[in-house]
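The first residue of the sequence shown is numbered 1, and numbering continues consecutively from there.
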Amino acid sequence: MENPDEAVAPESETTATPEAKGKQRRWRRIAAWTLGLLIGIPVVAFGVAYVLLDVRSPEEVLAGLDKTVVLQNADGSELLKVIPPGGDRLFVPYDAIPAKLRDAIVATEDPTFWDNEGFDLTGLGRALVTGVGGGSGITQQYIKKSTGNEDATLARKFSELVLATKITQQQTKKEIFESYVNIISFGRGTYGPASAMNAYFGRELDDSMTWSEAAFLAGMIQSPSVHDPYASTHQHAMKRWSYVVNKLVARGYVGQAEAVGLTYPEDAIQAPSETRAGRVTYEKYHVKQQVLAELEQVGYPLDRLRGGAMRVETTLDPRAQAEAEKTVKERLQGQPAHFRASLVAVEPGTGAIRAYNGGGWSVHDYAGTPYGTGSAFQPFTLAAGLEQGVDVDEPMKAPAQVDFLGETFKFQDQCGETGKCTLREAMGRDARGPFVELARRLGAETVRNGARAAGIPEAVDGAVTLREKDGFLIGPGIAVGRYPLRPSDMAGAYATFAADGLRATPHLVSKIRDENGETVWERSSDKTPAFKGDEALSRRIAGTISQVLTTGLKDRPAALKTGDFRYDETDDNAGGWAVGYTPQLATAVWVGSDEPRRMRDAAGEKLAGRTIPAQLWQRFMNGFHQGLPVRWPVSATTAAPRPR
């Protein structure tokens, strides 16, 4: 009999084997699909992301941000920076970045930067395992800053990986480094190496940078708010500096022997109070505000300037500016605390403002504020008379009183026993009567036109000058300098007389350049004969006035007119003026106070134009002209001679 086990066994074995094999095939297929999905989905996602995602260039990043505007002196030196709220941003091309700084940054932040594919595999792996960000190299740091996405997530890390790969394939390493270093923060409100070098060391970025300075700046990138010695301590900052130096040695950029000789640059690091972005003195603040106002008038408001990271060349002469600030501070030292002063100096023939001092007391700009001019206005009345054919040497009666436009002016005898004096003599004696009489004879409109022809502007900040508040009527005050004018207006108008009758608009802005150094705007000359457009007439008028105002500086002739502005009906003055010129410079000085009051100096003497204002004028002009050739207006030697 056949063994039943032997009979069924083969059948049983035959039916079980196909079932087991089927299960194995299904698991293999599942495993293959799973593996395919695990590999394929990321690959597809990477490919899609590669096409869709893009990283911006530093120019594009910076184009969307407010950038620093640099104001320069006339000689190209830096005057000040107009810093945007977001910080100091100046773009520096790769070749302008010192090699030592490039090496220090690479050694510290990404030692394989020049060879890697744009990302740090170690940091990426750590992010995949922990779900948070790992250490990033230079390319990844740039991507984070340019996209603004610094979230510690897998999605951000993935997109960072894609963009790091893409940018590495599309740009050179130099381009990537340039992009990175220009948008990275170095602390103290700075972005980019140029701003950082100025903030910490007070110097321009160039190849004079030392290894010690390079190591310090490279160390700031990781955490500026922590590593800044004025945020922590010099002891802490020195540890970070030593870390960077060790990296430079380890990467072969600096030899061990050279590293031993390096010292932490403690003495060279400036305090934030000295380098804080946008920090300026009151004197520079006034200049900044005037420059920005002028730029807006020519179609370059601040937003446009910031968008183009523009550089503005001003007309300021740093030597003249320093002399103006020094003179005002020294002469007012020891005077009553309420004394204020301003000084503006204009180059005749061009209108370029070479010095602008609005005072160092507050944000109030005393050089840009109008004040009554008193008898400092008389040269304009004389110019109006000369234009009408008045003889400056014709004896004129000095009346005890003059009725003019409904006001009666009374004067003491200022012309001697004869009761008569010429306009030339009256100017020298500061006699007001003859000039009020001249204004009456000419008419108020003619007097105003004479001042306008010399260069007093028609309006200032929308308010009409040399008229009543209604903007139409001209009152009797024009005869005695009652209408307020700014020191900048007075300096500019007197400059017309210094330039042989050629008028030019006073200005502080000469040229505007874009971030590539290309000139995008330049002021053109508007020099023109001041009186009736007649060059010969303008020269004669200017020459006569120069003769009438002739005085002397230490080593040369000059023209000067002082003036006072009386306080109410008292015998004291509320302010004083000194305005004058040489062919090289016309300068206006005003001295007064914040509020009208009796002005008496430290010795108890009444303030007058011939006292402190004239002394300020003399000191400044003597200092400015030191070493300059002696000149005098040509027209002053050809005008009618002085009577003997």
Side-chain angles (χ1 to χ4, degrees), residues 68 77-78 81 83 87-90 92-114 135-138 141 174 177-178 180-279:
T68 299
S77 60
E78 184 176 301
K81 292 178 180 177
I83 308 298
D88 188 3
R89 303 175 186 271
L90 292 173
V92 182
Y94 178 86
D95 291 336
I97 303 168
K100 290 175 181 175
L101 181 59
R102 297 198 301 258
D103 292 344
I105 292 173
V106 169
T108 308
E109 295 296 319
D110 191 353
T112 65
F113 170 71
W114 297 113
S136 297
I138 285 175
Q141 288 184 52
K174 287 184 178 181
F177 185 88
E178 179 185 82
Y180 161 78
V181 82
N182 274 291
I183 66 171
I184 204 74
S185 173
F186 286 82
R188 295 193 182 183
T190 65
Y191 294 83
S195 300
M197 188 66 183
N198 179 66
Y200 289 101
F201 297 105
R203 289 172 39 214
E204 292 186 0
L205 184 74
D206 55 37
D207 288 333
S208 67
M209 174 180 280
T210 66
W211 276 119
S212 291
E213 293 167 340
F216 178 86
L217 291 181
M220 288 297 103
I221 294 174
Q222 183 198 61
S223 183
S225 61
V226 173
H227 299 317
D228 186 336
Y230 287 88
S232 53
T233 63
H234 276 293
Q235 184 178 8
H236 171 88
M238 187 183 298
K239 290 180 180 179
R240 179 63 180 170
W241 174 85
S242 298
Y243 172 84
V244 177
V245 171
N246 290 335
K247 289 293 184 182
L248 284 167
V249 174
R251 309 303 177 193
Y253 293 110
V254 175
Q256 185 65 51
E258 186 178 4
V260 171
L262 299 181
T263 57
Y264 172 70
E266 179 174 348
D267 293 338
I269 302 169
Q270 300 190 47
S273 61
E274 299 173 4
T275 60
R276 178 172 57 83
R279 183 183 179 87

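- Separation of atoms CD (Glu78) and CG (Asn198) is listed at 6.0 Å; rounding is to 0.5 Å.
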Considering only distance and modelled atom types, tabulate donor-acceptor pairs under 3.5 Å from the side chains of residues 241-249, sequence neighbours left out.
unit_1 : atom_1 : unit_2 : atom_2 : d
Trp241 : NE1    : Ser212 : O      : 3.1
Ser242 : OG     : Met238 : O      : 2.9
Asn246 : ND2    : Ser242 : O      : 3.2

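- Note that CD1 of Ile97 is 5.5 Å distant from CZ of Phe177, once rounded to the nearest 0.5 Å.
- Every pair passing side-chain hydrogen bond (donor to acceptor under 3.5 Å, both in side chains) that includes a residue from residues 99-109 is listed here, sequence neighbours excluded: Tyr94-Arg102, Glu109-Gln141.
- Leu101 has its side chain out of reach of Met197: every pair of non-hydrogen atoms, C-beta onward, lies at least 4.5 Å apart.
- Tyr191 is not listed as a side-chain neighbour of Ile184, based on a closest heavy-atom distance of 4.5 Å or more.
- Counting heavy atoms from C-beta on, the side chains of Lys81 and Leu90 come closer than 4.5 Å.
- Ala96 is linked by a side-chain contact (heavy atoms from CB on, under 4.5 Å) to Val92, Pro93, counting only residues two or more places apart in sequence or in another chain.
- With values rounded to the nearest 0.5 angstrom, Phe113 atom CZ is found 5.0 Å from Ile138 atom CD1.
- Nearest approach of Ala237 to Pro229, heavy atoms of both residues: CB-CB, 3.8 Å.
- Using a 4.5 Å cut-off on side-chain heavy atoms (C-beta onward), Tyr180 and Ile221 make contact.
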Determine whether Leu262 and Val260 satisfy the following criterion, side chain to side chain contact (heavy atoms under 4.5 Å, CB included), listing intermediate values before the conclusion.
CA-CA 6 Å; Leu262 299 181; Val260 171; over 6 Å; no

Decide yes or no on side chain to side chain contact (heavy atoms under 4.5 Å, CB included) for Arg251 and Val106, but give the supporting numbers first.
CA-CA 9 Å; Arg251 309 303 177 193; Val106 169; over 6 Å; no

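- Residues Ala104 and Ala214 share a closest heavy-atom pair of CB-O, 3.8 Å.
- Here salt bridge (Lys or Arg N to Asp or Glu O under 4.0 Å) pairs that include residues 218-237, with residues two or more places apart or in two chains, are Arg188-Asp228.
- Here Gln235 contributes atom CD and Tyr264 contributes atom OH; the two are 10.5 Å apart, rounded to the nearest 0.5 Å.
- Checked against the 6.0 Å centroid threshold, Tyr200 and Phe186 do not count as a close aromatic pair.
- Sorted by first and then second residue, the salt bridge (Lys or Arg N to Asp or Glu O under 4.0 Å) pairs involving residues 193-202 (not counting sequence neighbours) form an empty list.
- Considering all non-hydrogen atoms of both residues, Gln270 and Gly202 come closest at NE2-CA, 2.8 Å.
- Rounding to the nearest 0.5 Å places OH of Tyr253 at 14.5 Å from CD of Glu258.
- Sorted by first and then second residue, the salt bridge (Lys or Arg N to Asp or Glu O under 4.0 Å) pairs involving residues 201-219 (not counting sequence neighbours) are Arg203-Glu213.
- Across every non-hydrogen atom of Gly187 and Ser185, the tightest pair is N-OG, 3.2 Å.
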